[in-house]
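Written out below as structure tokens is the structure these notes cover.
When a ligand or atom number is given, it counts from 1 through the structure's own listing order.
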Amino acid sequence: MRVHLYGNQLMLRAVTVFAFALFCIISFGHVEPAFGKDDGVTSIFSPLAQPAQEIKETSILVLAVCTVIFIVVAGLLVYGLIRFRHRAGDEASEPPQVYGSNQIELAWTVLPILIVFVLILVTSRTIADIQNRKPPPGAVQATVVGHQWWWEIRYPELGIVTANELHVPASTGNSHQPTFLKLQSADVAHSFWVPQLAGKTDLIPNKENLMWIEPTIPGTYPGNCAEYCGTQHARMLIRVVVHPPDEFDRWAREQQQSASIATTAVEGQKAFFANSCVNCHTIRGTSARGKFGPDLTHLMNRETLGAGAVTNTPDNLRLWVRDPQKFKVGCLMPNMQLTDQEVNQIAAYLQTLK
Ligand code: CUA
């Protein structure tokens, strides 16, 4: 009776493992944006750029090979469980004892080695293909710096500094305009991951990593930090905004401008410069030159606040200025204990930063 139960338990375990594997395969590679229905869920199985396309092809091959192995192994296991299950009258006899078979042992040694060898070759080729790509003339160069918990984005050649939204041109039929990224970290390890554009690449303190993306379809691509980096790791979202080439040039020209001089929110501007905001934030064209927090020169150009914590609306902006800890506990910007009047004035000033 005990032996019989054991067989059932094994079967249960096999089914559980199978269900878990299926769950992993289905949920694998999904990024759920923190908000916003329109950008939906993004998946590595619907790539819209190089190198994500190439990575998907390799992934499918690896998944297919592993699925076949899984089906064969699980099939043999289930067959063995059913065919050789406990039957009444088995107690007296011992099953036949088989010791070794050269053919079978050779087969299950050589075959896996061949399979592993094929997978190594295919994966190495994909990795080499991606890593050896050199920037063609005209490629956009950007530096992405991971911070707890936001992304600093610099375009050294264009003289632009922004945050949390990486703008890049789309490659069109006859002009390849990939974007090459230098990845750095200001504090701990982060990982840059926009599933539909490319694989993950880590941002490591004191080390520069390189990656590139070449999207062809304009649109907004959501992504996440993919390396646990502290309490607000989940609210370290990145968006890549892909523009048609001429639109990208227009965006770059706008970003190169210094901040517009406030004519409507003069009180707020005074309050901003009288408080310690300037110690952490830069607003180009003013005396605010802080480097610890995001550059605010064109803050209103961005869709979100706090690296995707909330949408950038006037109400959220006001709440953020009042107490950033409400939206993002543990972020480096403290509650500045501003009065209601100061909050409203500063928020009004920030809204002039278009
Ligand atoms: Cu940055 Cu996780």
Does His233 bring an N, O or S atom to under 2.8 Å of atom 1 (Cu) of ligand 1?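 Looking at His233, which is the residue asked about, there is no N, O or S atom under 2.8 Å from atom 1 (Cu) of ligand 1.
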
Return yes when at least one N/O/S atom of Ser191 is nearer than 2.8 Å to atom 1 (Cu) of ligand 1, and no when none is.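 Checking atom 1 (Cu) of ligand 1 against Ser191, no N, O or S atom falls under 2.8 Å.
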
Taking side chain to side chain contact (heavy atoms under 4.5 Å, CB included) as the criterion, tell me which of Arg253, Glu247, Gln255 meets it with Trp251.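 It is Gln255, the one option of Arg253, Glu247, Gln255 that forms the side chain to side chain contact (heavy atoms under 4.5 Å, CB included) with Trp251.
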
If you round to the nearest 0.5 Å, how far is CG of Asp323 from CG of Asn335?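 It comes to 4.0 Å.
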
Is the count of non-hydrogen atoms from other residues, nucleotides or ligands lying under 6.0 Å from Phe292 atom CZ greater than 12?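 For Phe292, atom CZ is not crowded (no more than 12 foreign heavy atoms under 6.0 Å).
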
Are more than 12 heavy atoms, taken from residues, nucleotides or ligands other than Ile104, located less than 6.0 Å from that residue's CD1 atom?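 Open.
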
Atom name, His190 (N, O or S, nearest to atom 1 (Cu) of ligand 1):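 Closest to atom 1 (Cu) of ligand 1 among those atoms: ND1.
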
With carbon and hydrogen excluded and only N/O/S kept, which atom of Glu227 is nearest atom 2 (Cu) of ligand 1?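 Atom name of the closest N, O or S in Glu227: O.
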
Do any of the N, O or S atoms of Cys225 sit under 2.8 Å from atom 2 (Cu) of ligand 1?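 Under 2.8 Å: Cys225 contacts atom 2 (Cu) of ligand 1 through an N, O or S atom.
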
Hey, can you tell me if Phe192 and Trp151 have their rings parallel, tilted or perpendicular (30° and 60° cut-offs)?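 Judged by the thresholds at 30° and 60°, the geometry between Phe192 and Trp151 is perpendicular.
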
